[in-house]
Amino acid sequence: MKIHEYQAKELFATYGIPVDRSIVCRSVEDAVKAYSQLDSQKVIVKAQVHTGGRGKAGGVKLANGEVELRKHAAAILGMDIKGFTVDRILVGQAINIEKEYYVSYVIDRKSKSAILMLSKEGGMDIEEVARISPEKIHKFVIDPSTGMPDYLAREAAFKLFDDIKQVRQAAVILQKLYKLFISTDASLAEINPLVLTKEGEIMAIDAKMTFDDNALFRHSKIATLNEPTEEEKKEQNAKNKGFSYVNLGGEIGCMVNGAGLAMATMDLIKLYGGNPANFLDIGGSSNPTKVIEAMKLLLSDQNVKVVLINIFGGITRCDDVAKGLLEAFKQIKTDIPVVIRLTGTNEKEGRALLQGSGLHVAETMGEATEKAVSMCQ
Ligand code: GDP
Ligand code: MN
């Protein structure tokens with residue numbers, strides 16, 4: 001689960017990590033009020049959206065004076081950034097930046113632990129730094145039994161700073177950020193940029209945090225900050241109906257009984273050059289209401305051009321499944337072609353029932369997938 005910069009900054013402040021003074025606003029009037037409270041001629045106006053690259057999209061602007069602030073606030077509120085509409089902006093006291101750094105804690109699969117990543121190349125896209133000059137990113141694997149002791153925090157801080165005063169300041173920030181990262185079950189705590197100000201202070205002027213969904217039950221306060229996307233709402237909805245559904249963005253809608261078979265189906269779609277629109281495991285049983293619900297879910301995805309139903313009749317009998325499908329398709333009218341692979345117990349009877357129904361019936365998974373992919377072209 002993601003949270004906004006302003007929410008992450010509140011958490012930072014609670015843990016004693018220095019941040020710039022800022023106020024979240026929902027309207028231009030709010031922003032003007034915030035401006036007077038901040039008591040600073042120059043302020044920074046930032047879009048609050050659950051996606052990166054706001055700066056590049058024009059969602060981060062420096063304003064000198066109230067007139068400019070009004071202009072930027074009006075332009076950024078309502079702006080579309082990668083499909084997210086900006087409904088909140090953060091107005092913050094402008095900082096005199098001497099230099100920008102990158103700091104993050106993240107769960108690393110390779111070392112199976114939390115790692116600290118640091119770079120002197122702050123402020124820009126860290127993926128870009130990793131690609132062009134990976135040697136500029138320093139990584140520390142953290143032993144969970146010892147965490148971030150003083151010596152390690154200082155060793156890490158020395159990667160960014162030479163001046164001992166700055167090293168000390170940064171080391172404390174690294175320790176506090178680690179504490180926050182661990183105690184909130186975060187999967188990411190990122191400061192990009194951590195800045196050294198012209199006045200010699202070190203502070204976070206951006207903050208990004210994501211949390212492990214499976215641990216949210218332990219953090220009820222953080223859980224209330226959840227703002228699911230349309231996609232996530234759909235996935236949650238599907239879960240409530242007993243389906244396991246994940247949107248994948250392709251054009252072949254998949255309906256499969258069994259998670260393993262569903263994964264194999266997606267592999268096969270890729271093998272034939274197509275792209276699955278989703279993962280959907282409808283579980284066992286041939287219940288028509290379930291098929292209807294699943295079809296509605298697939299057809300609500302605008303990207304879907306073909307539906308591929310892959311059923312293996314083990315305990316469920318194929319003729320029962322066929323009856324269920326026929327019942328379901330009496331109620332669902334769609335122009336989108338549907339390919340069905342039906343195999344297992346009573347498969348011949350099942351396929352016979354589907355003849356003349358307008359559904360494309362296939363015997364093998366290969367045949368069905370190839371057909372579905374070719375129909376997308
Ligand atoms: P992001 O691009 O979405 O990650 O937004 P950031 O909050 O990281 O800001 C992007 C860039 O704007 C930073 O790297 C800084 O160069 C600049 N910036 C942000 N806040 C300030 C500020 O208070 N003063 C100045 N001078 N520049 C800022
Ligand atoms: Mn940033």
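Ligands are counted one by one from 1 in listed order, and the atoms in each one are counted from 1 as well. All values below come from the heavy atoms of this structure, side chains included, with hydrogens, waters and symmetry mates left out.
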Enclosure of I315 CD1 (heavy-atom neighbours >12, cutoff 6.0 Å)
no
For K179, look at atom NZ and say whether over 12 heavy atoms of other residues, nucleotides or ligands are found less than 6.0 Å away.
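No, because the 6.0 Å sphere around NZ of K179 holds 12 heavy atoms or fewer from other groups.
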Taking atom [atom1] of [X] and atom [atom2] of [Y], what is their separation to the nearest 0.5 Å?
| X | Y | atom1 | atom2 | answer |
| --- | --- | --- | --- | --- |
| R351 | N346 | CZ | CG | 11.0 Å |
| I23 | S36 | CD1 | OG | 8.0 Å |
| H219 | T224 | NE2 | OG1 | 12.5 Å |

Write down, by chain and number, every protein residue that brings a non-hydrogen atom to less than 4.0 Å from an atom of ligand 1.
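Ligand 1 pocket, heavy atoms under 4.0 Å: I44, K46, R54, G55, V60, Q93, A94, I95, I97, E100, G123, N192, P193, I205, D206.
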In terms of relative ring orientation, are F161 and Y101 parallel, tilted or perpendicular, with 30° and 60° separating the classes?
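The arrangement is tilted - the two ring planes meet at 30° to 60°.
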What closest approach, in Å, do [X] and [Y] show between heavy atoms, and which atom pair accounts for it?
| X | Y | result |
| --- | --- | --- |
| K176 | Y15 | CD-O, 3.2 Å |
| I76 | V86 | O-CB, 3.4 Å |
| S119 | I126 | CB-CD1, 4.3 Å |

Total protein N, O or S atoms, the Mn ion (ligand 2), separation less than 2.8 Å:
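Counting protein N, O and S atoms closer than 2.8 Å to the Mn ion (ligand 2) gives 2.
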